[in-house]
Peer 1: 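One structure is given below, represented as structure tokens, and several questions about it will come after.
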Amino acid sequence: APKGVWCPACGLTALAPAAQRDVLIALAKQSILSKLRLQDRPNITQMTSRGALLTALRRTRVQHVDAAISPGMPRDGGIPRLRPGIGLQEYEILSFAESGSSTSHRVHLHFRFAQELAGNTEILQATLYLFWAVPGPGTHPVTVRLLQPDPMGPNMTVASETQLEVQRPGWATLDVGQAVQSLFGQGSQRLTVELEVLEDWGSPLLASHRDSHWPFVAAQARARMPHRVQRR
Amino acid sequence: GIDCSGDSRMCCRKEFFVDFKEIGWEDWIIQPEGYHMNYCVGLCPLHMAGIPGLAASFHTAVLNLIKANNADAAVDSCCVPTQRRPLSLLYYDRDGNIVKTDIPDMIVDACGCT
């Protein structure tokens with residue numbers, strides 16, 4: 001900085017503008033990463049398709065339609081504006097399925113949750129969204145099992161099993177909050193869902209709409225408050 | 001609060017916008033486009049310290065009493081945020097999940113003297 005110019009707040013010699021900018025940007029990065037509990041910025045290997053993201057945002061909003069979002073949904077397919085948050089740090093997570101092993105009548109789907117979230121948050125709600133393809137009229141039974149790693153060995157144990165009757169193509173939801181919370185409790189970060197149908201039905205998911213009707217889990221979580229000791 | 005302008009030396013709010021595209025973060029932060037990392041800077045001479053409306057608070061009232069009764073006992077006064085709001089982020093985490101969170105008190109809207 002020119003001689004004799006000093007920082008008005010601390011009286012030290014002011015930084016040259018370029019150096020000051022670098023310091024502030026480094027501070028901004030560190031501040032955001034630390035508040036997101038990230039060591040470094042994530043390296044994105046696979047991006048969720050815009051179609052799947054928009055569909056998921058619409059589905060998760062359809063329960064509590066928010067006037068600020070639905071008319072404001074930009075026609076250019078952009079992501080709706082975020083609503084101003086409240087004081088406590090809460091998270092909404094959309095985890096899209098990774099395909100696991102599958103046969104003609106059984107499909108495995110995996111959902112991962114990052115360590116930063118699994119270790120420091122409590123799950124308030126988690127819902128599995130599935131879009132059914134139906135081969136034809138009538139009712140088609142589907143068994144949905146939530147599997148979790150067996151602490152005693154390499155196998156998976158069934159955490160819960162649900163029988164669904166599918167009559168027409170469309171979205172179905174299943175509450176998986178307890179399963180995700182118990183996974184986090186065991187230090188695991190991966191939820192496996194097994195869908196089983198009768199032999200002659202084939203894959204129960206609408207694979208042809210893979211990009212915008214792909215299964216996902218929408219979870220709401222809240223940062224665990226650090227243990228506070230109240231002293232009077 | 002007062003926004004810094006020109007060569008004002010008094011306590012004010014300095015705007016500073018970090019564009020995520022400029023720092024190469026636009027691939028993992030979906031929204032917003034940047035972060036208003038405003039900060040407070042400037043002097044808080046005693047006659048400005050604790051003027052109600054700048055950082056009106058209980059401490060200000062106590063300080064005013066000390067000043068009124070004993071000018072040299074008054075402590076220094078600092079230029080601090082008096083109004084802040086959350087930073088809402090929609091981002092990819094390292095597993096490719098989409099996360100939305102509101103980080104409280106990240107954006108300074110106003111500054112004042114304690």
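In what follows, chains are A, B, ... by sequence order, proteins preceding strands, each numbered from 1.
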Peer 1: Among B:Ile29, B:Leu87, B:Asp27, who wins on heavy-atom pairs under 4.5 Å with chain A?
Peer 2: B:Asp27
Peer 1: Which pairs with one or both residues in residues 175-185 of chain A pass side-chain hydrogen bond (donor to acceptor under 3.5 Å, both in side chains), sequence neighbours excluded?
Peer 2: A:Gln148-A:Ser182
Peer 1: Between atom CG of B:Leu90 and atom CD1 of B:Ile30, what is the distance when rounded to the nearest 0.5 Å?
Peer 2: 4.0 Å
Peer 1: I'd like to know whether NZ of B:Lys14 has more than 12 heavy-atom contacts from other residues, nucleotides or ligands below 6.0 angstrom.
Peer 2: no
Peer 1: Heavy-atom distances under 4.5 Å only: say whether A:Ile32 touches chain B with side chain, backbone, both or neither.
Peer 2: both
Peer 1: For the candidates A:Leu24, A:Ile44, A:Val217, A:Ile93, which exhibits the highest count of non-hydrogen atom pairs separated by less than 4.5 Å from chain B?
Peer 2: A:Leu24
Peer 1: With sequence neighbours excluded, tell me which residues meet side chain to side chain donor-acceptor pair (under 3.5 Å) with B:Gln83.
Peer 2: none
Peer 1: Centroid separation under 6.0 Å, is that true for the rings of B:Tyr92 and B:Trp28?
Peer 2: no
Peer 1: Please determine, among B:Tyr35, B:Trp25, B:Tyr91, the option with the most heavy-atom pairs under 4.5 Å with chain A.
Peer 2: B:Trp25
Peer 1: Picking from B:Glu22, B:Arg94, B:Arg85, which has the most non-hydrogen pairs under 4.5 angstrom with chain A?
Peer 2: B:Arg94
